[in-house]
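Have a look at the structure below before the remarks.
We're numbering straight along the sequence, starting at 1.
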Amino acid sequence: MEQRIGSSSQPLEGAGFDPAFIPGLTSPASGRTEDEEPEKEPEVAEAGETAPEPEETAEASPSEPEEDAVPDGPVFEASDRRARIVADHRGVRLSLDDQECEFRWDEIGAVETETVRFGKRYTVTVHTPDRRWYPIEIEAPARSRFTEWDEQLDAVLDAYFEDAE
């Protein structure tokens with residue numbers, strides 16, 4: 001009879017067990033599951049064999065879809081010297097200095113905009129279904145940009161965001 005050494009239970013994931021885990025911002029720290037195969041290392045050609053030329057491997061490999069390909073739908077983009085927000089067919093991406101996070105449309109519960117009474121700060125807050133929110137403030141060049149940004153963001157939300165009611 002064979003016995004396994006170690007625990008048979010799977011490690012738990014989430015913020016309760018990994019303080020660095022933030023849904024939508026980081027991926028779980030766990031590795032691959034048992035069903036996945038480990039990555040194969042490239043085979044090394046022996047002395048008598050010749051390695052395929054790079055041109056042949058490029059032609060033989062299937063073409064991957066380009067992520068830069070932009071569909072015809074609306075896009076909202078606003079930025080200042082520190083912050084940036086982009087909302088398009090892929091979801092909403094927030095950037096502040098060197099920190100970035102991305103939310104797919106199925107991860108978003110609501111998107112809220114807010115402007116200050118005096119000043120040129122435009123705040124966009126992304127709410128997730130698990131009651132977390134991620135605000136970002138953008139300094140507008142002029143207060144007249146607020147209405148333009150609201151119209152662009154509304155067009156993107158109308159096109160891609162499905163309200164689950």
Side-chain angles (χ1 to χ4, degrees), residues 10-39 54 57-165:
Q10 296 293 326
L12 298 173
E13 298 176 352
F17 301 96
D18 182 10
F21 176 74
I22 300 173
L25 186 60
T26 59
S27 62
S30 69
R32 59 182 174 84
T33 61
E34 292 179 12
D35 297 339
E36 294 178 356
E37 293 183 20
E39 293 183 22
T57 56
E59 293 174 359
S61 65
S63 61
E64 296 179 11
E66 297 180 15
E67 289 198 17
D68 296 336
V70 179
D72 296 334
V75 175
F76 168 72
E77 186 171 346
S79 63
D80 65 4
R81 59 185 172 82
R82 293 186 62 203
R84 180 176 184 198
I85 179 170
V86 177
D88 59 9
H89 68 283
R90 291 180 9 198
V92 177
R93 291 178 299 286
L94 307 176
S95 303
L96 180 63
D97 295 332
D98 62 343
Q99 302 296 312
E100 296 181 4
C101 62
E102 182 173 350
F103 301 95
R104 295 184 319 264
W105 288 112
D106 61 344
E107 296 176 323
I108 297 174
V111 177
E112 176 185 20
T113 62
E114 184 180 359
T115 58
V116 293
R117 185 170 180 178
F118 301 106
K120 298 183 285 186
R121 233 175 312 154
Y122 184 75
T123 305
V124 177
T125 306
V126 176
H127 296 270
T128 60
D130 59 348
R131 297 184 184 191
R132 293 181 185 260
W133 61 93
Y134 302 89
I136 191 163
E137 291 182 344
I138 298 174
E139 190 77 27
R143 288 187 58 85
S144 60
R145 295 288 300 226
F146 292 163
T147 56
E148 179 185 334
W149 284 349
D150 276 334
E151 290 171 1
Q152 290 176 357
L153 185 58
D154 284 343
V156 171
L157 293 174
D158 289 342
Y160 303 115
F161 184 66
E162 295 179 9
D163 196 12
E165 287 188 35

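The shortest non-hydrogen separation linking Asp80 to Glu137 is OD2-O, 4.2 Å. Between Ala87 and Leu153 the shortest heavy-atom distance is CB-CD1, 4.2 Å. The two atoms that bring Pro74 and Ala155 nearest to each other are CG-O, 3.6 Å, heavy atoms only. Taking both residues in full, the closest heavy atoms of Ile108 and Pro129 are given as C-CD, 4.2 Å, listed atom of the first, atom of the second, then distance.
Applying the salt bridge (charged side-chain N to carboxylate O under 4.0 Å, His left out) test to Arg143 and every residue at least two apart in sequence or in another chain returns nothing. Judged as a side chain to side chain contact (heavy atoms under 4.5 Å, CB included), and not counting sequence neighbours, the contacts of Arg145 are Ala140, Pro141, Glu148, Trp149. Legend: residues meeting side chain to side chain contact (heavy atoms under 4.5 Å, CB included) with Arg104, ordered by chain and number and at least two apart, are Asp106, Glu107.
Few gaps surround CZ on Arg93; more than 12 heavy atoms of other groups in view lie less than 6.0 Å from it.
Not a single donor-acceptor pair under 3.5 Å links the side chain of Trp105 to the backbone N or O of Leu157.
Separating the OG1 atom in Thr125 from the OH atom in Tyr134 is a distance of 12.5 Å, to the nearest 0.5 Å. Taking CD1 of Ile138 as the start and OG1 of Thr115 as the end, the distance is 13.0 Å to the nearest 0.5 Å.
Just one residue in the list Asp88, Ile85, Asp150 forms a side-chain contact (heavy atoms from CB on, under 4.5 Å) with Phe76, and that residue is Ile85.
Salt-bridge annotation for Glu139 and Arg82: absent, with no side-chain N of the basic residue lying under 4.0 Å from a carboxylate O of the acidic one.
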